[in-house]
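A note on names: the letters A, B, ... follow the listed sequences, proteins ahead of strands, and every chain is numbered from 1.
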Amino acid sequence: MNERPLARAAARLLRREKPRIMPPSENARARGIEAVRAALRAEKRRRMRMRVGIAAFAAAVAAVVIFGVVRRRPTQALPPPAPSVVAYVDGTGASVVSGGHIVANGGTSTIRLSTGTRLTLDAPGELNVVEQGASQIYSLENGALRADVAKLAPGQRFVVRTVDAEIEVHGTSFRVTLVKEDACAPGVRTRVQVLEGVVTVRAKGLDDRLFAGDAWPRACAIAAPLPSTSATVAAPVPTIALPKAKPATLAPATSPSVLAEQNDAFASAVEAKKSGNVSLAIDRFGAFERKYPSSALAETAAVERMRLLAATDPPRAKEAAQSYLLRYPTGTARVQAQKLVDGL
Amino acid sequence: MAAPKLRVVHSADPAIEPVIDDAELIARMSAADEDAAVAFHDRARPVIDRTIARLLGHGHSDHEDLVQLSLIELVSSVARFRGETSLEGFIGRVTAHVVFHHLRRRKLERRIFDAAANVDLIGTALSSPARTARARTLLARVRRHLEEMETNKAWTFVLHDVLGFDLREIAQITEVSVAAAQRRLVRGRTELHERIAEDPELAGSLTELEGDR
């Protein structure tokens with residue numbers, strides 16, 4: 001057993017000791033039985049609570065999953081595979097679908113897309129609508145085009161092709177012009193000027209990423225648009241004949257960017273928030289969202305407004321959260337927005 | 001002579017309640033069946049009483065409280081009993097755990113085996129009154145040595161060598177690793193041996209008692 005014989009002997013002696021246990025009195029027995037019953041009842045309640053808790057948790061998980069699926073459906077439906085993007089030509093009331101051909105005979109024409117994107121085609125100019133689905137692809141045949149592209153949803157693309165280049169937008173404004181060949185870039189007729197954001201120009205198998213203020217080809221300054229080389233309306237449909245000398249509906253491409261104006265508006269809202277004027281900050285962030293819905297700061301403004309409302313006006317915060325989720329289903333504040341919608 | 005006529009007679013003593021075997025009792029308790037409360041109490045109570053008395057002595061002032069605590073703890077833990085030991089062993093282990101925690105929580109003075117007058121001594125070697133009285137004296141001296149030892153070592157020694165818990169069970173009761181329980185056991189045995197060795201009269205008596213076996 002062990003190597004300590006005296007300890008072993010002591011243990012043996014202790015084991016011989018038999019405590020004189022008397023049966024419990026009736027009262028003691030009754031108390032003991034009641035203790036067991038009470039413990040069993042408590043155990044039942046504990047298990048019930050656990051079952052309810054597990055069921056509630058499972059229900060919550062199921063609700064989140066179902067809600068996530070329901071919410072994901074429209075998200076997954078975006079970008080739409082069908083040509084859900086519709087282009088309207090200002091002043092004509094006409095809409096243009098894929099395969100359409102737009103000719104600007106004089107002045108400047110504006111094409112508004114249902115996504116919020118604005119295209120300004122300088123006359124004389126020709127633009128083909130190649131595709132208006134998940135990928136919005138246009139082909140500039142002649143003239144100059146300014147594109148103010150709304151924020152693209154995941155999977156969406158916006159591309160303008162020319163005879164010798166392809167310009168892909170990463171969400172902003174740029175101007176693309178077709179010129180006659182000149183010395184600065186022999187063999188290249190496309191000229192691109194980025195006004196805001198980032199675009200990628202692909203030409204001759206090379207990608208060139210341009211930022212605000214950049215021009216392409218790098219060696220060339222933007223040339224003035226050339227007179228139209230062809231005023232023919234291409235087949236098949238639809239052909240839009242634009243009104244003559246239509247006044248410009250957009251600022252000229254060379255006008256100052258509205259970025260500074262956006263920055264100022266956003267900064268004023270932030271300033272109001274920092275100064276503790278919450279209601280003013282909420283108003284300013286809201287005004288920003290309405291005025292610059294396609295701005296890179298629009299989502300941030302929406303988040304700021306939602307958070308401020310959450311602290312002061314829960315019902316409006318819930319509305320703001322719903323609006324945010326609809327507009328930015330994969331936005332950075334989607335979790336917080338979802339909690340506000342769920343009332344958590 | 002006529003052959004005796006025999007007939008089977010069923011006992012109908014109403015005082016004899018049907019006995020529930022351990023497996024059924026555990027199953028009913030695991031299902032929180034209140035109807036099993038009486039049977040469970042009557043099955044567990046003697047083991048609980050015995051374990052508490054062995055650890056704290058007979059008639060300890062906290063005895064009833066500890067019985068209640070042990071019963072409650074048993075109800076909440078019986079669902080985890082997997083039959084790895086006997087039901088009696090399981091009850092003893094849970095009770096020892098409750099007692100150990102109770103002592104630590106209340107910082108009670110350790111009173112292992114300190115009620116010599118209220119114990120019986122069993123064994124053929126101790127059958128005469130003189131021998132029994134002598135054995136009680138020896139027990140009192142052994143207890144005194146145990147009480148002077150470091151608590152954890154004394155507890156581990158008693159739980160293992162006297163009450164028969166294995167090291168894994170002691171580790172659970174005292175909430176230490178099995179290795180730590182083993183270290184405490186070895187050190188406890190060594191210390192008790194050395195203490196008794198320094199008490200020549202006790203050492204001699206124990207040696208003599210061992211020789212009588």
Could you tell me which of B:Glu191, B:Glu34, B:Met29 has the largest number of non-hydrogen atom pairs under 4.5 Å with chain A?
-> B:Glu34
Chain A heavy atoms under 4.5 Å from B:Ala31: which part of the residue, side chain, backbone, both or neither?
-> backbone
Heavy-atom distance under 4.5 Å between the side chains of B:Arg141 and B:Glu201, does that happen here?
-> yes
Kindly give the heavy-atom pair with the smallest separation between B:Leu74 and B:Phe40, and that separation in Å.
-> CB-CZ, 3.8 Å
Heavy atoms only, distances under 4.5 angstrom: which of B:Asp42, B:Leu185, B:Ile48, B:Val67 has the most pairs with chain A? Name it, please.
-> B:Asp42
Any side-chain donor near an acceptor of the partner, A:Gln336 and A:Arg307, under 3.5 Å | yes
Only one of A:Met306, A:Glu304, A:Arg290 passes side-chain contact (heavy atoms from CB on, under 4.5 Å) with A:Phe285, and that residue is A:Glu304
Atom group of A:Arg47 that falls short of 4.5 Å from chain B, counting heavy atoms = side chain
Between B:Ser205 and chain A, which part of the residue has a heavy atom less than 4.5 Å away: side chain, backbone, both or neither?
-> neither
Of the options B:Val99, B:Ile170, B:Leu146, which is the one that meets B:Trp155 in a side-chain contact (heavy atoms from CB on, under 4.5 Å)?
-> B:Val99
Looking at B:Leu192, B:Thr190, B:Leu71, which has the largest count of heavy-atom pairs under 4.5 Å with chain A?
-> B:Thr190
